[in-house]
Amino acid sequence: IGREADELRQKLGTVGNGSFDGLKADAREAEQAINRVGAAASEMRQRLHSARGVASGKGSGGPVRVPAGGGGSAGSVAGGILDQLNVPLALGTGAAYMSGGLAGVGVVGAGVAIDAAAADEQRSDFLRITGGYGEVDQKRIDATLARIGARRGIGNQGAQTVFGGLQAGGLPSAEAAAMTDNAVKFATATESTPEAAANLTVALRQNMGIQSDQMMSAYDAITMGGNAGKFEVKDMSRNFPAILSRLAARGSTGMEGVRMAAAFAQSVVERSGSPDEASTSLEAMLSDMVSPTVRERASKIGVDILGEKSAAEAKGKDPVMAVLKRLRAAVGGDEEKFSDTLGGNDTAAVAYRAIFDDMEKIEKLMAEMEGAKGVVDESYEIGTGNLNF
């Protein structure tokens, strides 16, 4: 397998001279997968050696399971082998490559491949049941996910995981399928897990109201914001669902809310020490700022928090930012006023102080994120552009 991978890579290297024009599209989609196949050759040999017992029936105590409706084609068996071994298969050139490898793998990989193909079918059936769609839609979605898994180098199982996460988050199956490719691309570009990317996408859609055609712009803004400091994009993928939920509860939605969350996070992490602690502080502040205790204390320094919130919403402005700016102006640099009004919750106080101190820097970063475009595409190309065409 290692030798086959090396030979294929050499052939792909000649694509640019025109002799393999017919393969250019497939090769471009396969570049990440092929690179990983070559790098994983030694590990694959070890895993295939361990799988020999599975294929021969040793240790399994049971017959090889065959997926319903067949699944014995070279492409599906190859896909099963690589999905089971955690190595992505790119369709087109990948299928051609593995068809040669199958002769060498033979019976050793057969049981592993058939089990993996069966697992793909089982996941597909489960997704159909939970999504409530019919057989025709299932075939269409299966084909879409197979293409995405191959194109993005995460395999069918990885694409199914993202689609399933979007669907489980409440998105209709058609919308989830339409968003899967960009969510996978975002995960790959930012080194986020597919599960985290799916959860973030659901939060952006359900809490912030980001539509399918706006999702890449939201990803771009988040990626630019994550690149601006210590609260990295993978941290945002993990923590933003909770933060965005709190923001939405306070009336912050849309792209403005997304940019604000990213900018706030970068300032708070500087004072809190870690992304998880920064997330906890932000969540605490968003709950604390409308609590009865804070509202009562704020009224003593001339701030009507609910009134400020309503006035901002009536003008089409972000209510969270409006309240925070009003509190900042009322407290000023007076430590006693800050402590008396906002110091009751130590965890929330960290976020208040960070945002008050960095307000100008936060607004500048938000303005920069507003113009973010193509950030994810660029990161993706850098991370996966291992072949030159």
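Quick caveat: nothing in here was measured; it's all calculated off a predicted structure.
Salt bridge Arg238/Asp235: present, at least one basic N to carboxylate O contact under 4.0 Å. Using a 4.0 Å cut-off between a side-chain N of Lys or Arg and a carboxylate O of Asp or Glu, Glu313 and Lys309 qualify as a salt bridge. Note on Lys325 versus Glu363: salt bridge recorded, some NZ/NE/NH1/NH2 to OD/OE distance being below 4.0 Å. With salt bridges taken as basic N to acidic carboxylate O contacts below 4.0 Å, none links Arg328 and Glu308. Salt bridge annotation for Lys185-Asp377: present, with a cationic side-chain nitrogen under 4.0 angstrom from a carboxylate oxygen. The residues Arg140 and Asp137 are annotated as salt-bridged, a charged nitrogen and a carboxylate oxygen being separated by less than 4.0 angstrom. Taking the charged nitrogens against the carboxylate oxygens, Arg128 and Glu121 have no contact shorter than 4.0 Å, which rules out a salt bridge.
Of the inter-residue distances, the one linking Leu200 atom CG with Met208 atom CE reads 11.0 Å to the nearest 0.5 angstrom. Taking CZ of Phe163 as the reference point, atom CG of Asn156 lies at 11.5 Å (rounded to 0.5 Å).
With hydrogens and angles disregarded, no donor-acceptor distance shorter than 3.5 Å links the side chain of Glu175 to the backbone of Pro172. Checking side-chain atoms of Asp181 against main-chain N and O of Ile148 turns up no donor-acceptor pair under 3.5 Å. Here the side chain of Arg295 pairs no donor or acceptor atom with the backbone of Leu306 at under 3.5 angstrom. Although no hydrogens or angles enter the test, the distance criterion places a donor-acceptor pair under 3.5 Å between the side chain of Thr130 and the main chain of Leu127. Formation of a donor-acceptor pair under 3.5 Å by the Ser339 side chain with backbone atoms of Glu335 is not found in this model. Checked by atom type and distance alone, the side chain of Gln266 pairs as donor or acceptor with a backbone atom of Phe231 at under 3.5 Å. Side-chain atoms of Thr180 come within 3.5 Å of backbone N or O of Ala176 as a donor-acceptor pair.
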Q | Stepwise salt bridge (charged side-chain N to carboxylate O under 4.0 Å, His left out) check, Arg271 with Asp357 | A | CA-CA 11 Å; Arg271 276 76 167 181; Asp357 289 346; 3.8 Å; yes
Q.
What verdict does the side-chain contact (heavy atoms from CB on, under 4.5 Å) test give for Met285 and Leu324, after you've listed the backbone C-alpha separation in whole Å, the side-chain angles of each residue and the deciding distance to 0.1 Å?
A. CA-CA 10 Å; Met285 182 199 75; Leu324 289 173; 4.0 Å; yes
Q: Evaluate the criterion side-chain contact (heavy atoms from CB on, under 4.5 Å) for residue pair Gln122 and Phe126; output intermediate values, then yes/no.
A: CA-CA 6 Å; Gln122 289 172 346; Phe126 176 76; over 6 Å; no
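A donor-acceptor contact closer than 3.5 angstrom links the side chains of Ser252 and Asp318.
Geometrically, Arg152 engages Tyr380 in a cation-pi contact defined by less than 6.0 Å to the ring centre and at most 45° from the axis.
For the residue pair Arg250 and Pro319, the shortest heavy atom distance occurs at O-CG, 3.4 Å. When every heavy atom of Ala197 is checked against every heavy atom of Thr201, the shortest pair comes out as O-OG1, 2.7 Å.
At a threshold of 4.5 Å between non-hydrogen side-chain atoms, the residues Glu195 and Thr161 count as touching. Side-chain contact between Leu247 and Asn207: absent, with no pair of heavy atoms (C-beta onward) separated by less than 4.5 Å. Side-chain contact check for Phe240 versus Val258: every heavy-atom pair is 4.5 Å or farther apart.
For Phe264, there are no ring-ring contact (aromatic ring centres under 6.0 Å, His included) partners at least two apart in sequence or on another chain.
Annotation for Gln211: atom CD counts as buried by contact number, over 12 foreign heavy atoms lying within 6.0 Å.
Sorted by first and then second residue, the side chain to side chain donor-acceptor pair (under 3.5 Å) pairs involving residues 283-294 (not counting sequence neighbours) are Arg246-Ser287, Ser279-Glu283, Asp288-Tyr352.
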Run the side-chain donor-acceptor check on residues 343-350: report pairs under 3.5 Å with partners two or more places apart or on a different chain.
unit_1 : atom_1 : unit_2 : atom_2 : d
Asn345 : OD1    : Thr347 : N      : 3.0
Asn345 : OD1    : Ala348 : N      : 3.1

